[in-house]
Amino acid sequence: MLEVRNLSFAYRRTPVLRDVSFVASPGEVVAVVGGNGAGKTTLMRLLATVMVPDGGAILSDGVDAFGYPLRYRRQLGYLAEDPQPYEDMTVKEYLAYRALLKGEPAKRVRRRVSEASDMCRIDGLMRSTIRNLSRGQKKRVALADALLLRPRVLLLDDFLAGLDHEMRDVAGAVLSEAAAFSSVIVTGHELEDLARWTTRFVVLKGGVISTVIPSVGVEPADLVARVRGALTGGES
Amino acid sequence: MSAVSVTCRRTLGRLRNLLSTGLSVAGFLAASAGLFAYRLVEAEGSNQLVTVLWASATAPFLPVLAALLGMAVWSEERRTGRLDDLLSTAVRERDFVLGKVSGVFLALLLSAALSLVLCFGLLAVQAPEALSNVRLVQYVPAVAILALQAALWSATAVAVSAFSRQAFVAASITTGLLVALPRGFWLAAENLAPSGRLAFGEMPLDAHVVDFASGVISSGVIIGYLVLTLLALFVASKVVALARFPGRRGRLFRASTAVAVVLAVVCAVVAMRLAVRLDVVFDLPIGAPTVVSPQLQNLLSEASGQVTVTAFVSRKDPSYRPLAHTLRTIKRQSDAAGGPTLTLRFVDPRWDLGAADRLVRLGATESSVVFEKGHRVSVLPLADGFGDGLIATALRRVVLPPQRQDIYWTVGHGESSVESYDTRGLSDIARELVRSGFRNRQLDLLEVRSIPADCALIVVAGARESFSRAELSRLDAYLRGGGRLLVLMGPPGESGVSSLLPSWGIRSLRPSFAGTRTLSGSDVIVSDFAVHPVTEGLADARLVLERPLAFTASAAAQGGTGVDRLAFVSVARVATATVVAAVERGSAMGADLAVRPTRLVAIGDPTFVMNGQLASRANANRDCFLNAVAYLAGTEAVGHAGTSAVQLMTGMDRMLRARHALFSVVVLPLAVFVFMSLVVWRRSRRT
């Protein structure tokens with residue numbers, strides 16, 4: 001379970017996040033939405049411990065992300081907003097490298113790479129050099145990287161951007177599959193797609209959580225309408 | 001597999017896949033090989049080790065290569081935003097840094113190893129002579145110091161790369177930090193504050209390479225490099241960690257990092273000061289084992305008393321190490337033989353100003369060895385070499401009663417003058433003879449009725465005009481009475497004493513020297529010697545005859561004359577042509593020991609010991625000449641090559657040198673570049 005308590009962050013004197021708190025249980029897919037500059041990517045980078053917050057805490061199964069960062073990061077899978085896998089490597093080399101870097105024993109690397117590539121439907125790309133892949137394909141490779149060690153916390157920042165409809169369906173399937181072993185936090189602007197797979201929407205406005213909208217039992221169209229309303233200020 | 005090794009492999013893989021790496025490595029190979037080839041020519045005939053030349057030619061370019069290979073290691077990660085991928089993994093910043101530094105370090109080491117293989121491989125093919133004295137153990141300290149420096153350069157390059165988003169900026173800063181700053185500082189100190197520079201001695205980075213490669217291993221230097229490398233790693237880790245703190249907490253973290261870095265620098269300085277203070281120096285027996293000549297052994301066993309031997313030479317001087325090695329060997333020999341108690345001192349003119357001042361007042365100049373016993377002082381300038389024969393002579397002058405013998409140099413026939421200091425003069429060899437206990441005098445055979453009684457020997461040094469009959473008859477009479485004559489044969493034809501020599505078994509020849517080994521095309525290299533006192537110690541050396549003249553040497557009609565062919569070359573039509581010969585008559589009359597045998601040595605080159613010839617240390621002409629003088633004067637040899645340290649002899653002529661330079665600077669680096677480009681091209685063609 002991922003627990004975020006009173007997280008706050010500011011770039012110099014500009015506050016970006018204030019008192020952000022929420023919980024994501026295993027099996028949950030939490031979508032963090034908001035307009036440009038709402039603090040989504042900052043939140044994801046803080047959750048990934050790429051940045052250190054000014055205040056607050058992040059706990060994964062009770063492990064403090066900044067007290068025991070290595071233990072926390074071992075439970076983490078992170079897809080950055082604009083992933084840049086090493087372009088001179090083949091997909092297979094890259095995923096093997098990332099698995100080894102994340103501490104996976106060498107004898108299990110092949111299996112892990114195979115599982116992740118199956119999940120993200122990139123079997124056919126394994127021998128391709130990343131330089132030659134499209135943006136969407138690169139994103140799937142990066143997604144496979146995030147899923148490599150079946151993380152307990154999966155952070156996907158704007159992961160639908162650049163994917164066509166077919167690929168979005170694939171990504172949705174991956175998301176559902178990943179939710180079986182992870183607490184998943186996603187960000188994005190594709191509300192219709194997100195509404196199909198998420199269990200909860202967290203709406204960020206001006207660095208604070210304005211609304212939390214559960215999506216279980218709600219029709220996707222209604223859900224999107226409510227989220228849109230929250231984003232534009234119609235619902236509080 | 002640890003994160004460090006995974007990152008290291010990735011860094012190496014990334015470097016392999018870059019075309020710029022091939023270009024950088026090829027440039028490095030060309031530059032280091034070019035400097036090596038240049039230094040090889042410069043050091044021809046010197047006592048320098050070829051491994052020292054290679055290490056000192058490679059070391060200056062390693063920091064530049066480190067800057068080029070390490071420039072993108074972090075800056076590219078920062079610029080592309082890939083840093084987030086790395087920082088979100090369960091790997092410490094220091095492990096990333098260590099992995100990346102290891103990758104750059106291994107790339108540097110591989111490049112240096114490639115340079116070693118190419119330089120020495122080429123030398124093995126083109127000039128195997130140069131490697132004849134090189135032993136495997138000599139490579140170890142040379143590679144070790146380059147590895148120590150490479151570790152520091154890699155860590156610094158990676159640390160600088162962590163600061164910058166632009167690879168080019170990182171490379172420029174690193175080059176400035178590692179190359180321009182230390183060398184600029186030294187240059188400025190030398191020109192603007194020479195007195196301040198005295199406190200530092202020579203340029204440390206270069207001196208470390210020369211010292212280690214020569215076998216002088218200093219614990220202080222090792223610790224210094226390791227401490228600085230750790231400091232650079234620490235700074236790099238902290239800079240990478242700073243990326244996690246762009247927020248308000250960053251201010252606090254930056255302040256604490258700055259304090260930590262300052263503390264680390266203070267600790268590093270203290271550790272290095274301690275390392276220098278408690279320095280332990282190991283002198284590895286890297287060079288050829290020093291052999292003490294029988295003459296010196298005799299002297300050591302005959303003499304007694306307290307002798308102070310001071311090497312007045314800068315540590316920067318390339319002869320410092322071999323000299324120290326030779327002196328220590330002689331001291332051990334003296335202790336073992338129960339000879340004089342030798343006290344060795346080493347005075348660096350740049351450091352030990354008080355001691356240097358005293359030595360200057362004794363008449364010593366920088367780069368010399370001073371022997372002192374009571375009030376007697378003998379100075380041996382290193383410019384003349386320091387074979388143990390020369391050391392024996394210098395030692396003899398302070399431990400044995402003085403004795404002088406006179407050498408008479410003929411004049412009036414176009415001979416070279418012992419008073420002439422130009423390249424055609426003989427002042428250098430004359431000075432050396434004075435130091436060896438001889439007095440040089442001029443002899444005009446037309447003005448004397450007979451040869452002076454104190455004449456130890458007569459030298460005819462390349463007379464261009466023929467001697468008159470009266471002169472020849474005086475010389476002949478002198479020889480028949482047990483005289484000693486050393487002839488540097490003049491130009492071909494009737495010149496000098498050429499008409500006198502046939503009666504002593506020596507006749508001039510005019511063979512073509514085409515096909516013989518040569519340096520410039522007109523000279524001749526001689527390396528075949530017979531066993532004789534005149535050629536003692538020359539077995540591994542060579543003579544260079546600028547204007548070679550050959551002669552046949554055979555026993556003359558006169559009975560009791562022995563003619564020895566001492567040095568010869570193979571030439572067309574004449575099988576072998578003799579260029580140095582010795583004649584002895586009367587030694588068979590051993591029953592009457594009072595009878596002094598006649599001795600004559602002929603050398604087929606009028607320029608044999610001219611100043612210009614001796615200035616090049618690529619020959620053993622001086623030693624051969626001094627041996628001949630000792631043989632003729634009946635003294636012990638005053639100096640010969642091959643007993644102190646390795647003589648660097650490539651045996652390459654001008655053409656071979658040009659070919660060597662072409663291959664080492666152009667062909668082989670180009671081949672490496674093409675190979676690495678092919679690897680990159682092959683990978684880029686994959687779909």
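All chains are named by letter (A, B, ...) in the order of the sequence lines, taking the proteins before the strands, and each is independently numbered beginning at 1.
Here the shortest heavy-atom pairing between A:Met51 and B:Pro246 reads SD-CG, 3.3 Å. When all heavy atoms are compared, the tightest approach of B:Val91 to A:Arg73 is O-NH1, 4.1 Å. Residues B:Asp85 and A:Ala80 come closest through the heavy atom pair OD1-CB, 4.2 Å. The minimum heavy-atom distance between B:Arg244 and A:Thr49, with the atom names listed, is NH1-O, 2.6 Å.
Neither the backbone nor the side chain of B:Leu83 comes within less than 4.5 Å of any heavy atom in chain A. At a 4.5 Å heavy-atom cutoff, the contact between B:Phe96 and chain A is made by side-chain atoms alone. Contact of A:Arg45 with chain B is made through the side chain alone, with heavy-atom distances under 4.5 Å. For B:Glu77, the part lying near chain A is the side chain, with the backbone staying farther off; criterion is any non-hydrogen pair under 4.5 Å. Using a 4.5 Å cut-off between heavy atoms, A:Leu76 touches chain B through its side chain atoms alone. Heavy atoms of A:Pro85 lying under 4.5 Å from chain B belong exclusively to its backbone.
Between atom CZ of residue B:Arg10 and atom CZ of residue A:Arg98 there is a gap of 11.0 Å, rounded to the nearest 0.5 Å.
Counting heavy atoms from C-beta on, the side chains of A:Glu81 and B:Asp84 never come closer than 4.5 Å.
Interface summary for chain B: among A:Ala10, A:Pro83, A:Ala142, the most heavy-atom pairs under 4.5 angstrom belong to A:Ala10. Contact count against chain B (heavy-atom pairs under 4.5 Å) is highest for A:Pro53 among A:Gly77, A:Ala146, A:Pro53. Counting heavy-atom pairs closer than 4.5 Å to chain A, the top residue among B:Gly81, B:Ser2, B:Ala3, B:Ser88 is B:Ser88. Per-residue counts of heavy-atom pairs under 4.5 Å with chain A were compared for B:Thr7, B:Leu86, B:Val4; the largest is that of B:Leu86.
Look at B:Arg251 and A:Asp54 and you find no salt bridge, because none of the NZ, NE, NH1 or NH2 atoms lies under 4.0 Å from a carboxylate O.
No more than 12 heavy atoms of other residues, nucleotides or ligands sit less than 6.0 Å from atom CZ of A:Arg18. Shown here is B:Arg16, whose CZ atom has more than 12 heavy atoms of other residues, nucleotides or ligands within 6.0 Å. Heavy atoms from other residues, nucleotides or ligands lying under 6.0 Å from CZ of A:Phe181 number more than 12.
Within the 3.5 Å criterion, the main-chain N or O of B:Ala90 finds no donor-acceptor partner in the side chain of A:Arg74. Of the possible polar contacts, none joining the B:Arg9 side chain to the A:Tyr97 backbone as a donor-acceptor pair under 3.5 Å is found.
Listed by chain and number, the residues in a ring-ring contact (aromatic ring centres under 6.0 Å, His included) with B:Phe163 amount to none (sequence neighbours excluded).
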Practice prompt. Start with the C-alpha distance between A:Tyr86 and B:Thr80, add both sets of side-chain angles, then the distance that settles side-chain contact (heavy atoms from CB on, under 4.5 Å), and finish with yes or no.
Written response: CA-CA 10 Å; A:Tyr86 292 114; B:Thr80 56; over 6 Å; no

Practice prompt. Kindly indicate, with the supporting measurements, whether the criterion side-chain contact (heavy atoms from CB on, under 4.5 Å) is fulfilled by A:Asp88 and B:Leu18.
Written response: CA-CA 9 Å; A:Asp88 57 310; B:Leu18 286 172; over 6 Å; no

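Within the structure, the ring pair (Phe, Tyr, Trp, His ring centres under 6.0 Å) test picks out no pair touching residues 32-79 of chain A (sequence neighbours left out).
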